[in-house]
Amino acid sequence: MAYLDLKLGYGCNNNCIHCVVSDQRAAARLKRGNEDRSTAECKKELLDSLSRGIKQVTFTGGEPTIRPDFLKLLEFAENRGFYLTLQSNGRMFSYPPLAKAASRHVGRFVIALHGPCAEIHDRTTRMKGSYYQTALGIKNLVSAGSFVLGKIVITRLNYRRLKETAGQLMLLGAAGVNIAFPHANGAAGSNFDAVVPRYCGVMPYVRGVIRFVEKRNLSRGVPFSLELEAIPLCLLAGREKYASDFNNAAGQYSELKQLDIAPKDWRKARKEIKRKFPFCAGCRYNALCEGVWAEYPQRRGAGEFGPVR
Ligand code: SF4
């Protein structure tokens, strides 16, 4: 089934060092004097996608939960038959009634936790107290019976603590985690050297989190899921199955609706903003692999990657 990724707007109660939409937020403020879609605009986009048979939607942003019409939009989408996924920083769900109310409409929550402790997470979000709110938010959603996945964006602040952050998500009751190499757009682009680590430095810790999850899953009935995003398969020898490229290749039509930008087929658009290398032609994964975000080799070259024969 096709799905829609709907950015409700760019307003947010965090200010993450790796935020990919910080430029778009500033542009929207200038262009429309507002960083968010109106309620009517959100409904129009939902109905437009529905008219083309799209019945799954991810609400994202910015931070959807800080909108005054947040619950109304969940209800609107659900009443029209959409299966709902919500991407959020989870802070607002530290308020139990909101966690319960949202849980009645949302099938799947994806909540960003960027460190195993307040020191790392709050330095990443540049918002004091955000770690405790997010952790409590995840707990409240799980208590309300929701399916919650964690999301960790790798940065220079947190890459050495990926295993502990995944462990924290397990303790909070999340069902799995997506760990993503940062896309150097927006804030991550303007602070590239301070935010974006080198793949060669990160990979020992990625292998550590893989071993940790695999060991945990050996001893539990229900596996904790692990997906690695924007990490090319040539860096994942023997553990290629965790690469999101497999899901992307098998995925269906995926429509991305950003604010004030024409809808895009995200499967195609993602490949256009990633880069492969001349040697990829000789790699066994060439047909499947999406490569890396284009900005990375522009700054750091191709030396860390190489074909898998
Ligand atoms: S060599 Fe190229 S095609 Fe092969 S895994 Fe690496 S980036 Fe992907």
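Throughout, numbering of the chain's residues begins at 1 and tracks the sequence. When a ligand or atom number is given, it counts from 1 through the structure's own listing order.
Exactly one residue among Arg275, Arg270, Lys276 makes a salt bridge (charged side-chain N to carboxylate O under 4.0 Å, His left out) with Glu290. That residue is Arg270.
Cluster annotation: Tyr132 is connected to Ile66 through the hydrophobic network of ILVMFWY side chains, with a link wherever side-chain heavy atoms come within less than 4.5 Å.
Under a 4.5 Å side-chain heavy-atom criterion applied to ILVMFWY residues, the cluster that includes Trp266 comprises Leu256, Ile273, Trp293 as well.
Checking Tyr242 against Glu214 by side-chain atom types alone, a donor-acceptor pair falls below 3.5 Å.
No donor-acceptor pair under 3.5 Å is formed between the side chain of Lys163 and the backbone N or O of Phe212.
The set of protein atoms (N, O or S) found at less than 2.8 Å from atom 6 (Fe) of ligand 1 reads Cys234 SG, by chain and number.
For Arg299 and Phe192, the positive end sits near the middle of the six-membered ring, less than 6.0 Å away and at most 45° from its axis.
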